[in-house]
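One structure below.
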Amino acid sequence: MKSEESMQKNEHLSHIIDLTEERQLGRALNALENYLLSHPKLQSDTERFVALKNDFQLMTDYWQRGYNDPERENVYSQLLRRLYVLTTDIMTRDAMAGSSFLTSLHSRPRQMRKDWTMANVRRQLEDFVSSVALLDLEPEDNRNERRKQVYHEHQLLMHDLFDYILTSRLWKDSLAEAFTDMLLSPTIDVNDQQLIVSAITLSALNAFGFNKFSVLMDVYMKASDPGVRQRALVGWVLCMDSTKARLYPEMAAMVDRACDDETCRNELTELQMQLFYCMDAEQDHKKIHDEIIPEILKGSNIKITRHGLEEIDEDTLEDILHPDTAERNMERMEESMKQMVAMQKEGSDIYFGGFSQMKRMPFFNDLSNWFVPFYPQHPAVSNIWENTRGKKFLQVITKVGAFCDSDKYSFVLAFDQVLNHFPAKMLKMVEDGEASPLPLGGKIDMKEQQQPAFIRRMYLQNLYRFYRLYPMRSQFAIPFDDRTKYLFFANPLFAGNRLQGNMTEVAAFLMKHRKNDEALDVLNNCQPAQGNSAEGSSAQGDLQSPPSAEGDLQSPPPFDYHMLMGNLLMRLPLDPERPATYHFRCALDLRPDSEKALSGYARALFRHHDYEAALTSYEKLMKLMPDHTGYMLNAAICMTNLEHNEDALRLLYKLDYEQPDNRKVKRVLAWTLTMSQRYEQATKAYQQLLAADTPEPVDMLNYGYCLWFQGAVAQAIVQFKQFLLNNGDDDYDLEQEFMGSEHSLLAAHNISDTEINLMLDTI
């Protein structure tokens, strides 16, 4: 958007951060000194730098004199941390100086309130809880006005506090401890605690600070409120930065301790999957908009007009002439509703598209409102909630629908504007208790809404809406655009700890959703448990002893790992340095009787053109599964590639006799007949295949080869043109096939390069 300011990274400061992470203290200090010399206005930062450089020089002097200082390593590490904090603070200030939006965000709360000591902030937050508790003691005629005043003043405080935290520099230990105590205190409202956690998360995402990360981690491990806890989990996971682990090695220890807890491991696994469902929101919206909603509207007696929703008169001529139409429409509507429910239960964000336009309301100009938990007393919605004519409809649907907080505010604010466009009969039935409104996607049971997974999913949707729809989103580091953030199972900080046992589950999930590159990253971060290996132990040293009980918790079973890795590599471009055959061979060594492992091994051998070894494996599979058509077909293809055509034909004739309507059998038979130069029989088989209602383009291509080989060039041209017309792949390159993968085949049938070029020119 043109209104967005783009947050530019300062390359000089980024380079200094890189040097610091690489623990090159001297070079980093020299680089920062040069930067400060060219920026004389940074007086306070220069003073911090001078003190830091003096301490570095003192340490260096002692080292040069040959003193044996047992604390030298610790001192060096502390100096690196001080340098990182200083450079990051300068970088934060630089980013604000280059953005009027961030400058305003930083200065406004500091101008509005002068006392930002933690003692004062905590006192104000606790006073709010006390004031709400005392409202019941107010005289009844004054109570409502007093309630509005209390919540209004508190909303202003939280608005300021959110922006103050968001634009704060890196925290000292004492400030982190104060925030942790406040976020765990039972005397602070949980809504306030959740909002503060979100502010810390956004701040730490923009500029990593170890103390902000540790606050999020501590709150997750110790908080009792599920809302606070799940926001903290999302926060520390998205803020986690493995490149900072050399500066803060205790971060790795904290992550390991968290992963020792089974609940944490399960929640991390759910979170990783939920992130991908969340990121499919636009794709899901397109499906809902184009396919599901039209079917729902067809089956209902509601139509959308420019004046709003209108009920359709049920006593129409159409109902008299075609009484079954309404029933069929209703069935289609029910099926569409079930599809929405299934998408929602699986984890899809079904409301993103519908509510995206509502995020332009003035309510969302306030940054904190994107993250504030929904509560009816919020000054922006309290009047609508209490006084609107359709109050019961509004309260029921926001209670039972799977709406994130952001969408609930959108719904309430929009409801007030469109109330007069709702069918009067619908509202009356709800208000009289005769009917209950049903949100798209169905009702969500209150027990489910209290589950950590549901709470976490709703919060992720809040985050996703902010990072995709907020007009000034470019001023923030967007985790949904950073693979190191959203694919956290590939983070090196999880390598080797007890989360390893969940890696294959996530990799399988990613493969199911066609995220093959991401699945590979996860499996590359995965260390399989030790296990017995007969033949393959020399090839892989980590398969030597049975897994211990502890090992089972820490690492995935090696068989599952190798099967997943083998299947994944089969989906990716062929890599000679990393053959899928190796992993299937390891899986077979672990379970010699596994049909799946042997099948995978055979497919991998075939892909590497080792047809002889593949045939041996398929023959073993046919003994295990004598009636498996696929194994027999693959064996026949191996025979054909090995020019054992007669053996292949004996097998294929039998299959074709037993399964005359099996097009896969007919296809392999036709090609084998072609390779056997039995062109007349092959032609009959291809004509049968192409006579189908929906012929496969590959049959047109193969028939073209068959005709070309027997000299029927004009007919071959027709088939190749038909193939290109029906293939549906605009990038398909017949020249690459003729001159590349199938060049040796054409040469074997005495087709020269000149003839190939003539064919390409013609088609």
Side-chain angles (χ1 to χ4, degrees), residues 7-56 76-111 116-118 161-179 199-216 235 239-241 243-248 251 475-477:
M7 185 172 64
Q8 300 293 326
K9 260 194 170 183
N10 187 309
E11 297 300 328
H12 297 290
L13 294 173
S14 295
H15 176 61
I16 296 168
I17 294 289
D18 291 341
L19 291 173
T20 306
E21 291 170 357
E22 294 164 7
R23 300 184 66 83
Q24 298 185 31
L25 181 55
R27 290 179 60 189
L29 284 168
N30 290 336
L32 183 56
E33 185 171 28
N34 292 332
Y35 181 85
L36 290 172
L37 287 172
S38 62
H39 295 78
K41 292 184 179 180
L42 301 176
Q43 184 60 39
S44 61
D45 296 317
T46 301
E47 292 173 2
R48 291 169 64 189
F49 171 79
V50 170
L52 175 58
K53 186 178 180 183
N54 288 340
D55 289 344
F56 172 72
Y76 192 87
S77 294
Q78 289 300 320
L79 292 174
L80 280 168
R81 293 187 184 196
R82 286 171 58 189
L83 178 58
Y84 170 76
V85 171
L86 173 58
T87 308
T88 303
D89 284 345
I90 296 172
M91 184 180 284
T92 301
R93 179 179 291 179
D94 181 75
M96 290 179 184
S99 166
S100 58
F101 168 74
L102 290 177
T103 299
S104 172
L105 211 61
H106 177 270
S107 60
R108 190 197 57 75
R110 291 161 177 83
Q111 292 170 354
W116 282 106
T117 60
M118 285 304 297
L161 179 58
F162 187 94
D163 290 353
Y164 183 85
I165 294 171
L166 176 59
T167 55
S168 63
R169 291 190 173 193
L170 302 194
W171 293 351
K172 295 181 179 179
D173 293 350
S174 57
L175 185 57
E177 290 172 5
F179 265 103
I200 297 171
T201 298
L202 265 65
S203 179
L205 277 168
N206 266 11
F208 177 83
F210 174 74
N211 279 328
K212 291 178 183 178
F213 169 83
S214 66
V215 168
L216 294 171
C239 296
M240 187 171 53
D241 188 341
T243 64
K244 306 298 186 293
R246 295 193 67 191
L247 288 174
Y248 301 98
M251 183 163 59
Q475 299 297 291
F476 299 89

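What's counted below: heavy atoms across the whole structure, side chains too, no hydrogens, waters or symmetry copies.
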Exercise. Under the salt bridge (Lys or Arg N to Asp or Glu O under 4.0 Å) rule, what pairs show up with a residue in residues 24-45, not counting sequence neighbours?
Worked result: Glu33-Lys53, Asp45-Arg48, Asp45-Arg93, Asp45-Arg169
For this session: Hey, could you give me the CG/CD distance between Leu247 and Glu22, rounded to the nearest 0.5 Å?
Result: 10.5 Å
Exercise. Of all heavy-atom pairs between Pro109 and Ser104, which one has the smallest distance, and what is that distance?
Worked result: CD-O, 4.5 Å
Exercise. So, Ser203 side chain and Ile200 main chain: donor-acceptor pair closer than 3.5 Å or not?
Worked result: no
Exercise. What residues, two or more places apart in sequence or in another chain, satisfy side chain to side chain donor-acceptor pair (under 3.5 Å) together with Thr46?
Worked result: none
Problem set entry | Non-hydrogen atoms of Asn10 and Met91 that approach each other most closely | O-CE, 4.3 Å
Problem set entry | With sequence neighbours excluded, residues passing ring-ring contact (aromatic ring centres under 6.0 Å, His included) with Phe56 | none
For this session: Examine distances only and state if a side-chain atom of Asp89 and a backbone atom of Leu170 form a donor-acceptor pair shorter than 3.5 Å.
Result: yes
Exercise. So, for Ala178 and Met118, which heavy atoms are closest and what is the spacing to 0.1 Å?
Worked result: CB-CG, 3.8 Å
Exercise. When the ring planes of Phe179 and Trp171 are compared, do they come out parallel, tilted or perpendicular, using 30° and 60° as the limits?
Worked result: parallel
For this session: For the pair Phe213 and Asp241, evaluate side chain to side chain contact (heavy atoms under 4.5 Å, CB included) and give the outcome as yes or no after the intermediate values.
Result: CA-CA 10 Å; Phe213 169 83; Asp241 188 341; over 6 Å; no
Exercise. Which word best sums up how the rings of Tyr84 and Tyr248 line up, parallel for under 30°, tilted for 30 to 60°, or perpendicular for over 60°?
Worked result: perpendicular
Exercise. CG of Leu25 to CG of Leu79: how many Å apart, nearest 0.5 Å?
Worked result: 5.5 Å
Problem set entry | Non-hydrogen atoms of Ala28 and Leu83 that approach each other most closely | CB-CD2, 3.4 Å
Seminar exercise, completed: Nearest heavy-atom approach of Leu80 to Thr20 is O-CG2, 3.4 Å
Exercise. Can you say whether the rings of Phe476 and Phe101 are parallel (under 30°), tilted (30 to 60°) or perpendicular (over 60°)?
Worked result: perpendicular
Seminar exercise, completed: Sorted by chain and residue number, the side chain to side chain contact (heavy atoms under 4.5 Å, CB included) partners of Thr92 (sequence neighbours excluded) come out as Thr88, Met96, Ala207
Problem set entry | Asp94 side chain vs Ile90 backbone, donor-acceptor pair below 3.5 Å | no
Seminar exercise, completed: Rounding to 0.5 Å, atoms OG1 (Thr201) and CG (Asn206) come to a distance of 11.5 Å
Problem set entry | Lys212 and Ser168: CA distance, side-chain angles, deciding distance, side chain to side chain contact (heavy atoms under 4.5 Å, CB included) verdict | CA-CA 10 Å; Lys212 291 178 183 178; Ser168 63; 3.2 Å; yes
Problem set entry | All side chain to side chain contact (heavy atoms under 4.5 Å, CB included) counterparts of Ala199, not counting sequence neighbours | Phe162, Ile165
For this session: State the CE-CZ distance between Met251 and Phe210, to the nearest 0.5 angstrom.
Result: 7.5 Å
Problem set entry | Point-to-point distance, once rounded to the nearest 0.5 Å, from OG of Ser100 to CD of Gln475 | 8.0 Å
For this session: Please assess Asn54 against Val50 for the test side chain to side chain contact (heavy atoms under 4.5 Å, CB included), listing each intermediate value before the final yes or no.
Result: CA-CA 6 Å; Asn54 288 340; Val50 170; 3.7 Å; yes
Problem set entry | Within residues 99-110 or reaching into it, pairs that qualify as salt bridge (Lys or Arg N to Asp or Glu O under 4.0 Å) - sequence neighbours excluded | Arg108-Asp160, Arg108-Asp163
Exercise. Looking at CG of Leu32 and CG of Leu37, how far apart are the two atoms once the value is rounded to the nearest 0.5 Å?
Worked result: 9.5 Å
For this session: Given side chain to side chain contact (heavy atoms under 4.5 Å, CB included), test Leu86 with Arg82 step by step and report yes or no.
Result: CA-CA 6 Å; Leu86 173 58; Arg82 286 171 58 189; over 6 Å; no
